[in-house]
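What follows is a short report on a single structure.
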Amino acid sequence: MFLTLEWFWWDRLWLPRPVTWVDLQDSEGRVYARVSHLYIILPVAVLLLGLRAFYERLIAVPLAEALGVKDKIRKRASHNPVLEKYYNTHSKHPTQADIKGVCKKLGWSERQVERWFRRRRNQDRPGLLKKFKEASWRFAFYLCSSFGGVLALHDKPWFYDLREVWAGFPKQSLLDSQYWYYIIEMSFYGSLLFSVAADVKRKDFKEQLVHHWATLTLLSFSWCANYIRIGTLVMLVHDTSDVLLESAKMFNYAGWETTCNSIFVVFALVFMVTRLIIFPFWLIHCTWVYPLDQFEPFFGYYFFNVMLVVLLLLHVFWASVILRMVKKFIFGKVSIHCSSYKITNKGDERSDEEEDEEGSEEDYTHTYSNESGNGLSNGH
């Protein structure tokens with residue numbers, strides 16, 4: 001075990017030649033990042049979960065009431081052991097053949113069975129209030145984080161000149177503002193992983209998990225390898241557009257369609273600029289090119305840049321979803337509802353849309369094919 005740890009912390013994996021860990025010992029008023037500094041992330045993440053519970057109860061709920069956010073009154077599916085067992089053990093979306101088989105057992109019509117499954121699925125879907133509280137909490141965090149990031153970086157030379165990011169690297173002393181910016185940001189993403197089972201699940205659930213893990217891995221590595229200056233810039237670039245997205249969701253749940261659409265268009269522009277222009281052509285360029293002026297490539301150099309590219313690929317994925325929505329919106333085919341990149345009536349990009357209580361057999365087949373992920377264009 002000790003040999004494994006010794007190999008893991010081998011100087012050449014983390015630091016450029018000829019720097020060693022001995023060179024990064026605190027001395028002469030300089031303080032360097034330590035792995036032990038990250039131990040506080042777990043208790044802070046738990047603290048954020050508690051803070052979220054208080055925020056949602058004391059602020060988000062009254063705010064939702066002020067904006068007119070209310071859960072729809074849903075008709076509950078009648079108690080039926082046969083259908084309930086099928087729903088829990090086989091499928092939430094039965095095929096027409098299965099529906100006919102169930103009809104024979106129960107003596108029900110196909111329409112009655114379809115209606116039962118629609119109501120049962122709607123029971124499992126989160127209500128508007130739950131979605132609003134989640135979006136409100138994320139909006140509050142990203143807003144505070146963005147302001148905190150600007151306050152921490154506005155007077156730093158590397159905020160204006162990216163070559164300063166590598167001035168004296170890796171012997172760069174840790175600042176208090178950098179410490180708290182990192183700890184709070186990493187704790188927040190840790191809290192999202194803890195609450196992932198209870199939060200609203202989107203169609204890009206797997207991509208979200210990859211994003212959270214990639215972010216935590218990237219931040220943890222950048223902390224240990226003292227890539228802290230570029231790390232703070234990456235965090236600020238990512239939080240900026242998230243503020244707009246979460247605020248657009250809030251107005252969507254409140255039914256303020258015009259406001260939601262306007263904010264979403266601004267969000268789309270900010271997302272494209274920050275995630276697809278500034279991030280790759282400024283920040284990734286800064287991590288790929290400028291370091292080579294001072295040291296030879298090493299494992300940490302490649303690993304850090306690969307993780308940045310993973311994030312970039314996720315941005316490209318989400319950008320393609322956003323562009324499809326904006327294209328449909330501009331050409332007047334649909335109206336945008338910003339509930340996690342949702343387009344009403346003509347397609348569902350991410351959101352888990354509630355089904356109508358009543359519907360024809362054709363509506364049921366259409367809904368089933370759409371929710372099963374058989375395309376974003378609903379068969380057109």
Provide the full list of side chain to side chain donor-acceptor pair (under 3.5 Å) pairs with a residue in [range], sequence neighbours left out, each pair given once.
range            : result
residues 48-63   : R52-E56, R52-S195, R52-D199, Y55-S136
residues 226-245 : S145-D239, H238-H315, S241-R275, D242-R275
residues 146-167 : R163-D293

Quick one: does [X]'s side chain get under 4.5 Å of [Y]'s, heavy atoms only?
X    : Y    : result
L162 : L283 : yes
M307 : L311 : no
R120 : N88  : yes
L106 : L83  : yes
L193 : Y189 : no
L233 : W282 : no

Aromatic contact, F267 with F264 (centres under 6.0 Å): yes

Pair W14 and F221, ring centroids less than 6.0 Å apart: yes

Residue pairs passing the salt bridge (charged side-chain N to carboxylate O under 4.0 Å, His left out) test where at least one lies in residues 312-323, sequence neighbours excluded: none

Qualifying salt bridge (charged side-chain N to carboxylate O under 4.0 Å, His left out) pairs, either residue in residues 174-187, two or more places apart: none

side-chain contact (heavy atoms from CB on, under 4.5 Å) assessment of L314 paired with W318: CA-CA 6 Å; L314 289 171; W318 283 313; 3.8 Å; yes

Working for side-chain contact (heavy atoms from CB on, under 4.5 Å), residues H37 and L174: CA-CA 11 Å; H37 293 159; L174 176 65; 4.2 Å; yes

Using the rule that Ile, Leu, Val, Met, Phe, Trp and Tyr join whenever any side-chain heavy atoms are under 4.5 Å apart, tell me whether [X] and [Y] fall into a single cluster.
X    : Y    : result
L13  : V19  : yes
V306 : Y290 : no
L175 : V234 : yes
V310 : M186 : no
V22  : L24  : no

Side-chain donor or acceptor of S220 paired with backbone N/O of T217 under 3.5 Å: no

Any donor-acceptor pair under 3.5 Å from Q172 side chain to V165 backbone: yes

Distance-only donor-acceptor check, side chains N305 and T287, under 3.5 Å: yes

Under the rule for ring pair (Phe, Tyr, Trp, His ring centres under 6.0 Å), what residues qualify as partners of [X], not counting sequence neighbours?
X    : value
F147 : none
W256 : F251
F295 : F169, F298
Y301 : W288

Identify each donor-acceptor pair in which a side-chain atom of residues 38-51 lies under 3.5 Å from a protein atom, sequence neighbours left out, and give them as a table.
none

Those residues that, when tested against R34, pass salt bridge (charged side-chain N to carboxylate O under 4.0 Å, His left out) (two or more places apart): D26

Shortest non-hydrogen separation from [X] to [Y] and the atoms involved:
X    : Y    : result
V243 : F139 : O-CD1, 3.4 Å
I284 : L312 : CD1-CD2, 4.1 Å
M250 : A135 : CG-CB, 4.0 Å
G168 : Q294 : N-OE1, 4.2 Å
S78  : W116 : O-NE1, 2.7 Å
R30  : K171 : NH1-O, 2.9 Å

Steps toward salt bridge (Lys or Arg N to Asp or Glu O under 4.0 Å) verdict (E134, R138): CA-CA 6 Å; E134 180 180 317; R138 297 192 183 197; 3.5 Å; yes

Heavy atoms from other residues, nucleotides or ligands near CD of Q25 exceed 12 (cutoff 6.0 Å): yes

Atom CH2 of W180: over 12 foreign heavy atoms under 6.0 Å: no

ring-ring contact (aromatic ring centres under 6.0 Å, His included) partners of residues 60-86, not counting sequence neighbours, each pair once: Y86-H90, Y86-F117

W223 and Y182 aromatic ring geometry - parallel, tilted or perpendicular at 30°/60° bounds: tilted

Verdict with reasoning, Y142 to L245, per side-chain contact (heavy atoms from CB on, under 4.5 Å): CA-CA 10 Å; Y142 289 132; L245 175 61; over 6 Å; no

Residue from L323, I322, V266 passing side-chain contact (heavy atoms from CB on, under 4.5 Å) with F271: I322

